[in-house]
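Below you'll find the structure, written out as structure tokens, and then a few comments.
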Amino acid sequence: MLLINCPWCGPRDETEFGYGGEAHRARPTDPSSLGDAEWAEFLFMRTNPKGAHRERWVHSHGCRRWFNVERHTVTNQILRVYPIGGTDAVADQPVEEAVGTKEPRQGSGS
Amino acid sequence: MAKYSIFSLVKNAASHHQNWDRAWRDNRPKADGYDVVIIGGGGHGLATAYYLAKEHGITNVAVIERSWLGGGNTGRNTTIIRSNYLWDESAALYEKSLQLYEGLSQELNYNIMFSQRGVLNLAHNLGDVREGMRRVNALRLNGIDSEWMTAEQVKEFCPIINISKDVRYPIMGGTLQRRAGTARHDAVAWGFARAASARGVDIIQNCEVTGIRRENGKVVGVETSMGFVKAGKVGIVAAGHSSVVAGMADLRLPVESHPLQALVSEPVKPVIDCVVMSNTVHVYVSQSDKGELVMGAGIDAYTGYGQRGSFHVIEHQMGALLELFPIFSRLRMLRQWGGIVDVCPDASPIISKTPVENLFINCGWGTGGFKATPGSGFVFAHTIARGEPHALNAAFGLERFTTGHLIDEHGAAAVAH
């Protein structure tokens with residue numbers, strides 16, 4: 001069971017959250033100009049790393065807000081929590097700084 | 001290789017079973033390489049090697065396995081075999097596999113303990129009822145056995161089930177495939193390994209593939225922990241790690257890897273003589289020959305490569321089990337384990353050529369690969385040998401994600417994902 005540090009509510013059990021898949025995937029800005037291969041890339045292709053993975057989570061049973069998590073897919077250790085719209089550069093900041101909260105920094109020990 | 005028979009059993013009993021031959025040769029890579037190298041010594045990889053030798057006469061084949069045979073998903077599944085899939089393409093592929101299973105013990109000269117005990121898929125609401133009836137009709141149109149059962153008929157077929165209307169999700173009926181059932185999963189891997197080895201296939205265990213070497217865009221071999229192995233063609237059959245291995249050839253796949261777990265109870269006397277599955281309350285259960293209840297449920301929602309699952313999934317699954325079978329309320333669970341499944345967006349597999357010449361891929365079986373083991377090997381061997389798909393896997397190519405001809409089998413997959 002993961003312990004996820006919601007930027008607004010603090011650390012909560014994984015069961016309170018919903019998983020939203022890979023983060024940093026932008027909807028095409030000019031959809032009509034895309035060919036089939038580009039659509040396939042956007043719709044179906046995902047990075048599936050064995051290691052650090054950036055993904056979206058939503059605190060469904062809490063504040064219902066979305067945020068990004070960087071998690072190691074083998075150990076399930078949560079490496080970072082950072083806001084939606086955060087870039088890779090934001091992700092490199094410590095959690096507290098990135099989300100402006102004084103909640104203790106939490107990872108999953110599982 | 002000596003044939004297993006009543007006579008070989010008697011003969012070896014006389015020497016206290018000390019002198020049985022090894023079931024398969026344990027090889028080191030050959031210096032001059034192979035016509036075909038299969039990456040992954042699970043059931044599908046071994047079946048592929050076997051059918052390459054048997055159906056296509058290609059015996060200069062190596063199966064390279066990172067650890068030991070049957071130590072991956074083949075040894076971690078709930079052993080259920082069925083062919084009750086909705087769409088024509090899936091129905092044909094899984095039915096071919098079921099037919100191969102029906103003759104497999106004889107063909108491989110290895111008892112895979114195939115038991116056609118019947119698989120029940122329960123319906124708990126009107127949507128389930130309509131979907132179930134639709135699937136029964138679709139299956140019958142495809143010549144596959146399937147029948148609709150009322151709640152009373154379900155109770156008659158599986159007497160310990162609770163069909164009370166006073167539960168949260170009462171049983172309103174179900175579909176039954178009588179030819180479906182279970183098999184001993186390890187025996188399927190071992191049987192294929194032995195039969196493939198007997199036909200000349202090299203089985204290389206404890207050898208990790210670390211790279212796929214290409215020259216002028218063509219695959220020429222694989223880098224391994226035992227050195228470079230030259231190969232005319234390479235087939236990737238690496239289950240949960242498909243995208244990691246495909247990445248070695250810069251190939252991106254539309255799959256995501258998730259943990260899927262199963263568990264068994266303490267052994268009890270025979271109590272359930274069929275397989276029961278429910279998509280709605282979400283558990284599937286059967287009893288092993290040893291007496292343990294074998295149970296599975298859904299995948300973890302998030303991607304992962306750690307071979308264990310989340311505890312709350314088990315909790316949900318146990319709740320579902322007790323909803324169907326209150327009789328199990330004091331049964332103790334013995335052990336739990338997880339495997340990694342690679343899931344496609346349409347819950348159907350990819351058995352295909354790739355844009356990289358001489359490289360072939362068989363992946364994305366999601367939560368239901370075991371039932372497909374012989375059929376998967378049969379069509380993948382054809383695809384590798386001929387360079388073109390068999391009629392049965394033509395629809396399962398990588399290009400379907402570009403053309404949009406998806407085979408949406410989320411309903412028939414029976415596992416939430």
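In what follows, chains are A, B, ... by sequence order, proteins preceding strands, each numbered from 1. All figures in this text were calculated on a predicted structure; none of them were measured in a lab.
With 3.5 Å as the limit, one finds a donor-acceptor pair spanning the side chains of B:Asn393 and B:Thr383. Side chains of B:His44 and B:Ser376: a donor on one and an acceptor on the other come within 3.5 Å. A:His59 and A:Glu16 share a donor-acceptor pair across their side chains, judged by distance under 3.5 Å alone.
In this structure, the portion of B:Leu406 lying under 4.5 Å from any heavy atom of chain A is its side chain and not its backbone. The contact between A:Tyr19 and chain B is made entirely by side chain atoms (from C-beta outward), counting heavy-atom distances below 4.5 Å. Proximity to chain A (any heavy atom under 4.5 Å) is shown, for B:Ile340, by neither the backbone nor the side chain. Looking at A:Glu38, neither its backbone nor its side chain comes within 4.5 Å of chain B, counting heavy atoms on both sides.
Although no hydrogens or angles enter the test, the distance criterion places no donor-acceptor pair under 3.5 Å between the side chain of B:Asn358 and the main chain of B:Lys218. At least one donor-acceptor pair closer than 3.5 Å links the side chain of B:Ser225 to the backbone N or O of B:Glu208.
For the options A:Gly21, A:Ala37, A:Pro49, A:Gly51, heavy-atom pairs under 4.5 Å to chain B are most numerous at A:Pro49. Interface summary for chain A: among B:Arg252, B:Gln307, B:His241, B:Glu399, the most heavy-atom pairs under 4.5 angstrom belong to B:Arg252.
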